[in-house]
Amino acid sequence: MAGFDKVVSTYEEAMQGLEDGMTILAGGFGLCGIPENLIAEIQRKGTTGLTIVSNNCGVDGFGLGLLLEKKQVKKMISSYVGENALFEKQLLDGELEVELTPQGTLAEKMRAGGAGIPAFYTATGVGTPVAEGKEVRVFAGREYLLEEAITGEFAIVKGWKADRYGNVIYRHTAQNFNPLAATAGKITVVEVEEIVDVGELEPSQIHTPGIYVDRVVLGTFEKRIEKRTIKE
Amino acid sequence: MAGFDKVVSTYEEAMQGLEDGMTILAGGFGLCGIPENLIAEIQRKGTTGLTIVSNNCGVDGFGLGLLLEKKQVKKMISSYVGENALFEKQLLDGELEVELTPQGTLAEKMRAGGAGIPAFYTATGVGTPVAEGKEVRVFAGREYLLEEAITGEFAIVKGWKADRYGNVIYRHTAQNFNPLAATAGKITVVEVEEIVDVGELEPSQIHTPGIYVDRVVLGTFEKRIEKRTIKE
Amino acid sequence: MALTREQMAQRVAQELKDGFYVNLGIGIPTLVANYIPQDMAVMLQSENGLLGMGEFPTGETIDADMINAGKQTVTAVKGASIFSSAESFAMIRGGHVDLTVLGAFEVDVQGSIASWMIPNKLVKGMGGAMDLVAGADNIIVTMTHASKNGESKLLDTCSLPLTGKGCIKKVLTDLAWLEIEDGAFILKERAPGVTVEEIQSKTQGKLIVPDNVPEMQFAQAS
Amino acid sequence: MALTREQMAQRVAQELKDGFYVNLGIGIPTLVANYIPQDMAVMLQSENGLLGMGEFPTGETIDADMINAGKQTVTAVKGASIFSSAESFAMIRGGHVDLTVLGAFEVDVQGSIASWMIPNKLVKGMGGAMDLVAGADNIIVTMTHASKNGESKLLDTCSLPLTGKGCIKKVLTDLAWLEIEDGAFILKERAPGVTVEEIQSKTQGKLIVPDNVPEMQFAQAS
């Protein structure tokens, strides 16, 4: 029996089923905690017309920047897209659609997508361009925007350790959007630094329970640092 | 400087400021993970006209059942109120208002209350008595109810270990509603079995960050078991 | 003959698949755990915040901090995870549980279910049942086909306050396995020795009886 | 004389209180951390999921998995907690952060702020700024009073796309400390040596000048 064993042995298997035009939710903040090998596999695969939901879009030549290079991305849903010259160019050339979404709203939209909440209200963005076309509603005398959930055909996630059942923990601030993306993908793929024995992770300390995870793949990571800052 | 030291030395201090007519959010599921000493302190204090938001209402003579005995509770917001004969009597006698709320909706209402989400949509309860008076709205062809957030003047929470900064972890399934209540109280009081040194809890493994916690008190716990069930 | 509670659990267990995450309600649904085939891995979700519920503890391992949604003391299996009630219902509401089994007072031909309240009798509350029926695609309701007075529980329209509207597709009673489609119960299997006529007489809602209605098959109890 | 960036940070730091949870934006706000009084405990929230941000690491302790919202490598203090972006913004949106300090392009007399977009120039995105201004009761905006061309940034109505509407009550510029009330900027303090007239000439929005506008006081740098 296969049971709950989610481990696949290659990145090719990990991204099997990804097709042109799909929506992918990606964990990571800046270059921290990004599923760098899964992104590289999507580049290798050459899938196009993708909608990517990710707080950032990597940098030139690394992370999601790789997919921009190959023009695989049709649309980005992100809160911050600076630090990427190619991104800027594709945006200005009209090659890339961008839906800018406040960071907290983006996180909550993914959580809602995984949690069966189709929409929620938030004060974030009221009276700003983000509010365009959205319902405004007053609760207790204050205005709030209606924001809808996000889900995707795939979620690509970077974990620290996972067991074969797909229970995952994240390391330090590499957690960020990863557990949220993990809940909202129809197929959730997690790449990790280490696969541990089932039972090794303390049940109350698991960040992403295996029920959300479809595939686990073991990788090695460059973990590029975007802004190396050390004490003077 | 007091800084972030949240520890108080008595239960009296822990519940200072509680007044008649206030709303209290309580952690716990059944008798598991209930803030039993904080409840006993409320009983001792004799505060009345309380609205209690808690999944259950204890049993006769223990947990929130104590507050029913003294007729301190005006209204319960709960998902399940069985297992309590006094509760039944007060309900039938019209002494107690009850707002029955589906368990998942109740959990999400507390989370929303703490997270600045005034309202959200859920399919839970559509077409049932829970939907009475609530907006129904269609997203992607399915009906959902609008449910509003819950907050309270106090949250009473049972943790396992906390540090003086109010960082808390919960033990096993005694977690349940506790971290949710903790986020949604104007004053959040956590009683724990052990106070550990600041820095002892691993940052990524903290269930309730200290920012949500106002007071921490050390207690000893009976931990009564509602349905003792052992392997035959 | 009408199925026993154990036989009902055994029949439901035939719907399990390897790798399923399952939420079992209180009563007969709980018994399903005793009939999980040995060559199959199934993980039980308990809505108070436990994925990977194990067997009951011993007198030595019993722990007040480890209970299930029925408030019974339990253990966790290897590979279990434990989380808050909000996370637990995120799983349930978000459709991540593969199969939900729960009891009911009534079910109707529209797939509506009533299971939490009998007006003028005690109201215990809906607990997590409304979330479970709203969140799951795959639900099996287990109940007796008729009350002790012989009144059908499979109705044209539920008479009691609903737990969920139009969400049930599969019902196992002590007499039959039925599926709900296009406003009718489809009789799929009979309990051994129970006639189509008896089922028909005890089903108030529209019942469609295919030409061939096989008897339920039971593997040897393990 | 106009305040330096360091003096601006120093003045903002005077608004800190013992036990405050504070979110500091990029730029001048980040420098505020250097002026936390030694007899005061303040905990820094970084919206990528860190409560209790510490100093920059050394070459030995640097860790790619430990960054702040400005993507700089950082450390965590003792007693820090680390969590998901959803939890981080639950804190922010839920009003649990005691003070938020952030930069802006423009602020207006209604307390609206523009800080994330200059049409027809590069759009980098709002990041967490919209959530921060919507979630906090207590916000200090830090910016230069006027552009290099001398155009006022304290306006009757913001000209750029907003980050938040009606949410700002306190502004520190290189020239003045101002509070926003009833549709006007109230001039509370002048930078040392800066005249009320200069401030008036560089404030496009309605400015109320009380009879007495003291100069800012600075403690000795620690």
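Naming: A, B, ... by sequence-line order, numbering from 1 per chain.
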Which one of [options] has the most heavy-atom pairs closer than 4.5 Å to chain C?
options: B/G27, B/A131, B/A174, B/G125; value: B/A174
options: B/E108, B/K109, B/H207, B/R111; value: B/E108
options: B/K223, B/E226, B/H172; value: B/H172
options: B/V81, B/N176, B/T122, B/I225; value: B/N176
options: B/G30, B/G33, B/P102; value: B/P102

Which pair of heavy atoms, one from [X] and one from [Y], lies closest together, and at what distance?
X: B/R228; Y: C/G59; answer: NH2-CA, 4.3 Å
X: B/F29; Y: C/N68; answer: CE2-O, 3.8 Å
X: C/K71; Y: B/N56; answer: NZ-ND2, 3.0 Å
X: C/P161; Y: B/P129; answer: CB-CG, 3.6 Å
X: B/R142; Y: C/A134; answer: NH2-O, 2.8 Å
X: C/L162; Y: B/G127; answer: CD1-O, 3.4 Å

- prompt: With a cut-off of 6.0 Å (strictly less than), are more than 12 heavy atoms of other residues, nucleotides or ligands near NZ of B/K134?
  reply: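 Buried by this count: over 12 neighbours within 6.0 Å.
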
message: If you count heavy atoms of other groups shown closer than 6.0 angstrom to CG of B/D60, is the number above 12?
response: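 Correct, the count exceeds 12.
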
task: In sequence, state the C-alpha distance, the side-chain angles, and the governing distance for C/W116 and B/L100, and then conclude on side chain to side chain contact (heavy atoms under 4.5 Å, CB included).
output: CA-CA 11 Å; C/W116 69 282; B/L100 285 172; 3.8 Å; yes

Side chains of [X] and [Y] in contact at under 4.5 Å (non-hydrogen atoms):
X: C/S85; Y: B/L180; answer: yes
X: C/E60; Y: B/I230; answer: no
X: C/T163; Y: B/T128; answer: no
X: C/T73; Y: B/K227; answer: no
X: B/Y80; Y: C/K124; answer: yes
X: B/Y170; Y: C/I82; answer: no

- line: Okay, B/N178 and chain C: the region with an atom under 4.5 Å from a heavy atom over there is neither

task: Could you tell me which portion of C/E87 (side chain, backbone, both or neither) has an atom closer than 4.5 angstrom to a non-hydrogen atom of chain B?
output: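 Contact with chain B is absent: no heavy atom of C/E87 under 4.5 Å.
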
- prompt: Which bit of C/E55 comes within less than 4.5 Å of chain B, counting heavy atoms only: side chain, backbone, both or neither?
  reply: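 For C/E55, the contact with chain B is made by the side chain alone.
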
Just verifying a value: how many Å separate [X] [atom1] and [Y] [atom2], rounded to the nearest 0.5 Å?
X: B/Q175; Y: C/S88; atom1: CD; atom2: OG; value: 10.5 Å
X: C/I62; Y: B/T229; atom1: CD1; atom2: OG1; value: 7.0 Å
X: C/T61; Y: B/K231; atom1: OG1; atom2: NZ; value: 7.0 Å

message: I'd like to know which of C/K165, C/R93, C/M66 tops the heavy-atom pair count under 4.5 Å against chain B.
response: C/R93

task: Please determine which of C/I67, C/D63, C/D65 meets the side chain to side chain contact (heavy atoms under 4.5 Å, CB included) test together with B/T173.
output: C/I67

